[in-house]
Amino acid sequence: MKILVCISNVPDTTSKINFTDGDTKFDTNGVQFVINPNDEFGLTRAMWFKEKQGASVHVVTVGEASVEPTMRKALAIGADEGIRVNAIPTDGFFVAQQLAEVVKKGGYDLIIAGRESIDYNGGMVPGMLATLLDMNYINTCIGLEVDGTHATAIREIDGGKEKIATTLPLVIGGQKGLVEESDLRIPNMRGIMMARQKQLNVVEPVPATNGTTDVKFDKPGAKGAVKLVDTVDELVDLLHNEAKVI
């Protein structure tokens, strides 16, 4: 089985976010970037398939040279080979088109992407990718088993879980639950040294369409003043007469 894990390079949630050029561009100065958490769950599951079933695992991202440390971390975790599409990921449709070209050339059986990235939270790329490739697709995936060309997945739905049987080739949008958080891997020294020897291919982007354009970014507004109360009666009075919620 040949697996491709899609990696998004996202800001660490502890980073302070700012914008430049009249709030039209994200300011990357001083920002620490990491593997998108949803993608990390997928990569860990792919490593399980590698160790238990002998699968080959490649990782791919769309980005400039600045994303390579994140790719090297994925290789240090255990991926066999990396692919970087040398382009700025302008929007979800553009990224999906680039990834589709990589999948077509690589002949992958299973494509694991994160349900969404934690920066823009678009949640578009896995579904668009599956449509472009005309492959089976399962989103919000929290469980996956593969036996030959047959796959069994569990996905999260409103009020519960759904178990689905399907066939490869398959695209999934993975998330927390695909593996346990305790199973996530931290690269060790041996993995880091081996990653330096692994192949990281840089490919040029194919002509593609940008479906959207960023017009402006706005930070959340400042929170209002806090009013402290001493008694339950005072709280009830404020909720009833001022907030008018009871």
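Sequence positions, counted from 1, serve as the residue numbers for this chain.
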Student check: side-chain heavy atoms of L170 and M135 closer than 4.5 Å:
no
CG of D12: more than 12 outside heavy atoms within 6.0 angstrom?
yes
Pair E156 + K163, salt bridge at N-O below 4.0 Å
no
Hydrophobic cluster identity match, M124 and L133, side-chain contacts under 4.5 Å
no
For the residue pair T90 and N210, confirm or rule out a side-chain donor-acceptor distance under 3.5 Å.
yes
Nearest 0.5 Å, please: how far is CG in D39 from CG in L178?
11.0 Å
Cluster membership besides V232, Ile/Leu/Val/Met/Phe/Trp/Tyr side chains within less than 4.5 angstrom, sorted by chain and number, is V229, L235, V236, L238, L239, V245, I246
Would you check if the side chain of N188 reaches a backbone N or O of G191 as a donor-acceptor pair within less than 3.5 Å?
yes
Find the distance between CG (L99) and OG1 (T61) and round it off to the nearest 0.5 Å.
8.0 Å
One should read off an interatomic distance between T166 OG1 and I172 CD1, to the nearest 0.5 angstrom, of 11.5 Å
Got a donor-acceptor contact below 3.5 angstrom from the D109 side chain to the P169 backbone?
no
With sequence neighbours left out, write down each residue that passes side-chain hydrogen bond (donor to acceptor under 3.5 Å, both in side chains) with K219, or none if nothing qualifies.
N18
Identify whether NZ of Lys or CZ of Arg in R45 sits under 6.0 Å from the centre of the six-membered ring of F49 and within 45° of that ring's axis.
yes
Answer yes if the side chains of S117 and D119 hold a donor-acceptor pair under 3.5 Å, and no otherwise.
yes
Spell out, yes or no, whether L184 and V5 are grouped together once hydrophobic residues are joined by side-chain heavy atoms under 4.5 Å, including indirect joins.
yes
To the nearest 0.5 Å, tell me how far I164 CD1 sits from I138 CD1.
4.5 Å
Within a strict 4.5 Å, meaning less than it, do heavy atoms of the R155 and I157 side chains meet?
yes
With sequence neighbours left out, write down each residue that passes ring-ring contact (aromatic ring centres under 6.0 Å, His included) with F217, or none if nothing qualifies.
F19
For the residue pair N38 and E40, confirm or rule out a side-chain donor-acceptor distance under 3.5 Å.
no
Is the shortest heavy-atom distance from the side chain of S15 to the side chain of F33 under 4.5 Å?
no
For residues Y108 and I112: do they belong to one hydrophobic cluster (side chain heavy atoms under 4.5 Å, members Ile, Leu, Val, Met, Phe, Trp, Tyr)?
no
Shortest non-hydrogen separation from V10 to P37 and the atoms involved:
CG2-CD, 4.4 Å
Qualifying salt bridge (Lys or Arg N to Asp or Glu O under 4.0 Å) pairs, either residue in residues 66-81, two or more places apart:
K50-D80, E68-R84
Closest non-hydrogen atoms of A79 and V59, given as atom of the first, atom of the second and distance, are CB-CG1, 3.7 Å
Assess whether atom CG of N121 is packed by more than 12 heavy atoms of other residues, nucleotides or ligands within 6.0 Å.
yes
Just to verify, what does K2 make a salt bridge (Lys or Arg N to Asp or Glu O under 4.0 Å) with, not counting sequence neighbours?
none
Side chain to side chain contact (heavy atoms under 4.5 Å, CB included) partner of M193, the single match among R190, M189, Q197:
M189
For E180, look at atom CD and say whether over 12 heavy atoms of other residues, nucleotides or ligands are found less than 6.0 Å away.
no
Is the side chain of T131 donor-acceptor paired with the backbone N or O of G127 at a distance under 3.5 Å, no angle test?
yes
Please answer: with hydrophobic residues joined when any side-chain heavy atoms are less than 4.5 Å apart, are F93 and I111 in the same cluster?
no
Distance, nearest 0.5 Å, that separates CG of N36 from OG1 of T70:
10.5 Å
OG1 on T28 to CD1 on I17, rounded to 0.5 Å
10.0 Å
Hey, quick one: are L129 and V206 part of the same hydrophobic cluster, counting side-chain heavy atoms closer than 4.5 Å, chains of contacts allowed?
no
Any L110 side-chain heavy atom under 4.5 Å of L4 side chain:
no
Flag the pair K216 / D218 as yes when at least one side-chain heavy-atom distance between them is below 4.5 Å, and no otherwise.
yes
Looking at every non-hydrogen atom in both residues, tell me the closest pair between V146 and Q53 and how far apart they are.
O-NE2, 3.0 Å
Which residues, ordered by chain and number, are linked to V226 in its hydrophobic cluster, where ILVMFWY side chains connect at heavy-atom gaps below 4.5 Å, directly or through other members?
L228
Do the side chains of M71 and N9 get nearer than 4.5 Å, heavy atoms only?
no
With distance as the sole criterion, is a donor-acceptor pair present between the side chains of T44 and D183 under 3.5 Å?
no
